[in-house]
Amino acid sequence: MTAAGALAALATAGDAAARVPSEEASRGKGRGRRTGREFRGMWLATVGNRDWPSRPGLTADRQRAELLAYFDTAVERRLNAVILQVRPTADALWPSPHEPWSQYLTGVQGQDPGWDPLGTAVREAHRRGLELHAWFNPYRVATHTDPSRLVETHPARLHPDWTVAYGGKLYYDPGIPEVRRFVEDAMMDAVVRYDIDAVHFDDYFYPYPVPDQAFDDDATFARYGDGFPDKAAWRRDNINRLVLETAARIKAAKKHVRFGISPFGVWRNAATDPLGSRTAAGVQTYDDLHADTRRWVKEGWIDYVVPQVYWNMGFPPADYEALVPWWAEVADGTGVDLFIGEALYKVGVAGQPEAWHDPAELSRHLTFAQRYPAVGGHCYFSAMEVVADPIGAMTRVVADHYPTRVRPPA
């Protein structure tokens with residue numbers, strides 16, 4: 001079923017969304033492997049200046065040089081895609097008419113950095129044979145809860161009723177239809193204006209649970225939740241609508257632009273749902289983030305999925321060797337490409353399980369995943385570690401698995 005068709009099904013209020021019929025099971029599987037293509041990506045995070053820019057307030061020339069150095073390293077590591085975070089906190093790394101310039105560029109939200117990072121990134125990535133996936137965080141407004149710290153023209157200050165403070169952060173309320181339309185408009189501006197290869201969402205939908213705190217959307221549920229059996233079903237419907245509407249709008253604007261999501265690696269544990277994975281994770285996206293990630297793949301609502309399988313082989317609560325086969329089964333035959341998100345950031349880090357101190361652990365992940373034709377590649381979090389190459393783990397991956405550069409799946 002197309003996104004447009006599923007949207008029509010969602011027009012009926014209540015949990016009727018769960019009755020959207022599945023797409024014909026005639027779509028391909030393991031397309032990348034069969035064509036000699038493979039996804040080899042890295043996330044390049046900007047929130048909190050995690051990867052880039054190295055700090056706020058650098059000159060435009062210095063920011064540009066740092067960005068291009070990351071791209072050059074991607075080429076050296078024989079990667080073929082960069083997932084660049086361009087909307088980290090309801091802001092923009094391009095001259096958006098909807099939202100302010102990101103503070104992570106200049107240190108001052110709303111201040112023009114003197115260049116167009118997204119435009120440059122698209123051009124320079126393509127020049128190097130890299131895909132540029134524009135990474136958007138839909139609902140996070142700020143990593144604090146003080147609206148007065150936002151620029152005066154920020155939509156969250158103009159519409160304070162759109163926001164919810166939770167866990168020390170400020171979020172847009174996903175249950176408000178005007179919020180969903182605004183978020184989509186803000187993201188679609190980049191799709192229309194730039195030659196990006198894909199729109200990319202991360203794992204944040206409703207926020208991760210914070211002990212002894214409640215996400216205060218009671219009033220929103222009272223206003224918009226008629227016809228749903230409970231708040232959880234309504235919340236899942238809100239996120240389903242965001243995914244479906246975004247997919248439909250992307251294809252209406254540019255059919256070739258892909259839509260991918262990188263969810264937390266556990267949909268549901270098998271103890272919760274027999275369709276779930278053989279895991280005992282403390283977080284389940286379906287129940288805690290209200291994101292029915294399995295359904296999005298099974299129904300073909302997105303073009304690719306990159307589950308964040310950020311655990312080592314043999315890790316009891318969430319074993320890499322249990323999750324990769326589970327996701328391969330989910331994606332098999334759907335036409336949705338499956339790439340595995342890899343926790344390069346854990347390698348060699350004190351306090352991590354012993355496996356992450358073995359330079360060969362990450363390479364073993366790729367060897368294991370090769371058993372499953374539905375797996376079409378891998379993506380590494382994040383760019384800083386791709387450059388730093390902790391304990392030589394990335395060098396080992398390249399030596400063992402990336403003898404030459406290849407193109408990503410089409």
Side-chain angles (χ1 to χ4, degrees), residues 43-67 70 83-122 132 134-174 176 178-194 196 199-205 207-208 242 382-384:
W43 283 284
L44 206 168
T46 59
V47 65
N49 297 97
R50 200 246 182 229
D51 295 327
W52 174 84
S54 58
R55 65 178 187 273
L58 299 176
T59 65
D61 286 345
R62 177 69 180 277
Q63 290 178 8
R64 185 183 296 107
E66 287 188 354
L67 180 65
Y70 273 120
I83 302 175
L84 174 64
Q85 190 175 34
V86 299
R87 187 181 184 266
T89 52
D91 50 14
L93 271 75
W94 76 95
S96 169
H98 302 284
E99 295 179 306
W101 280 106
S102 177
Q103 65 180 332
Y104 303 120
L105 295 170
T106 64
V108 179
Q109 190 175 66
Q111 182 173 308
D112 190 330
W115 68 301
D116 180 355
L118 179 53
T120 299
V122 170
L132 196 289
W135 166 14
F136 304 88
N137 185 288
Y139 293 119
R140 182 173 56 209
V141 174
T143 56
H144 56 78
T145 60
D146 184 0
S148 69
R149 291 170 58 184
L150 304 174
V151 66
E152 289 185 359
T153 56
H154 197 292
R157 291 192 67 175
L158 300 177
H159 303 277
D161 55 312
W162 285 5
T163 64
V164 177
Y166 178 76
K169 298 181 176 66
L170 196 64
Y171 297 92
Y172 284 129
D173 185 342
I176 299 175
E178 291 82 5
V179 164
R180 189 171 69 247
R181 285 194 292 270
F182 170 77
V183 166
E184 292 169 10
D185 289 346
M187 297 186 295
M188 284 301 300
D189 180 67
V191 176
V192 172
R193 294 173 60 182
Y194 298 95
I196 63 174
V199 168
H200 185 94
F201 287 178
D202 53 30
D203 51 320
Y204 291 93
F205 295 98
Y208 279 84
L242 172 74
S382 65
M384 181 190 301

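Note that these values count all heavy atoms, side chains included, but never hydrogens, waters or copies made by symmetry.
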| request: If the plane angle is over 60° it's perpendicular, under 30° parallel, otherwise tilted; pick one for H154 and Y172. | output: tilted

| task | Return the minimal non-hydrogen interatomic distance between A383 and L44, and the atom names on each side. | result | CB-CG, 3.8 Å

| query | Does S54 offer a backbone N or O that forms a donor-acceptor pair with the side chain of E66 under 3.5 Å? | reply | yes

| remark: Those residues at least two apart in sequence (or on a different chain) that pass side-chain contact (heavy atoms from CB on, under 4.5 Å) with D185 are H98, R249

| said: Donor-acceptor check, side chain of Q109 to backbone of L150, threshold 3.5 angstrom: yes or no? | reply: no

| said: Within this structure, what is the CG-CZ distance for the pair L242 and F205, rounded to the nearest 0.5 Å? | reply: 7.0 Å

| request: Begin with the C-alpha distance, continue with both residues' side-chain angles, and end with the deciding distance and a verdict on side-chain hydrogen bond (donor to acceptor under 3.5 Å, both in side chains) for R64 and T120. | output: CA-CA 8 Å; R64 185 183 296 107; T120 299; 4.6 Å; no

| task | Return the orientation label for the Y204 and Y208 ring planes: parallel under 30°, perpendicular over 60°, tilted otherwise. | result | perpendicular

| query | At their closest point, which heavy atom of L58 faces which heavy atom of P53, and how far apart are they? | reply | CD1-CB, 4.3 Å

| field | Rounded distance (nearest 0.5 Å) linking atom CZ of R87 with atom CZ of R140 | value | 10.0 Å

| request: Carefully, step by step, assess V86 and Y194 under the rule side-chain contact (heavy atoms from CB on, under 4.5 Å). | output: CA-CA 12 Å; V86 299; Y194 298 95; over 6 Å; no

| said: What's the separation between atom CG in L118 and atom CG in L132, rounded to the nearest 0.5 Å? | reply: 6.5 Å

| said: Has T46 got a side-chain atom pairing as donor or acceptor with Q85's backbone, closer than 3.5 angstrom? | reply: yes

| note | Note: L93 and S102 closest approach over all heavy atoms is CD1-CB, 3.6 Å

| query | If you take all heavy atoms of P56 and T106, which pair is closest and at what distance? | reply | CB-C, 4.1 Å

| At their closest point, which heavy atom of P155 faces which heavy atom of P100, and how far apart are they? | CD-CD, 4.5 Å

| request: Kindly give the heavy-atom pair with the smallest separation between W52 and Q63, and that separation in Å. | output: NE1-O, 2.9 Å

| Test item: P207 and K169 side chains (from C-beta on) under 4.5 Å apart, heavy atoms | no

| For the atom pair OH (Y70) and CE (M384), what is the distance rounded to the nearest 0.5 Å? | 5.0 Å

| field | Criterion side-chain contact (heavy atoms from CB on, under 4.5 Å) on V179 and Y139, from CA distance to verdict | value | CA-CA 9 Å; V179 164; Y139 293 119; 4.1 Å; yes

| query | What distance do L105 atom CG and W115 atom CH2 have between them, rounded to the nearest 0.5 Å? | reply | 7.5 Å

| message | Nearest 0.5 angstrom please: N137 CG to M187 CE, how far? | response | 9.5 Å

| message | Side chains of T89 and D91: any donor to acceptor distance under 3.5 Å? | response | yes

| field | Partners meeting side-chain contact (heavy atoms from CB on, under 4.5 Å) with R193 (sequence neighbours left out) | value | W94, P95, P97, D189

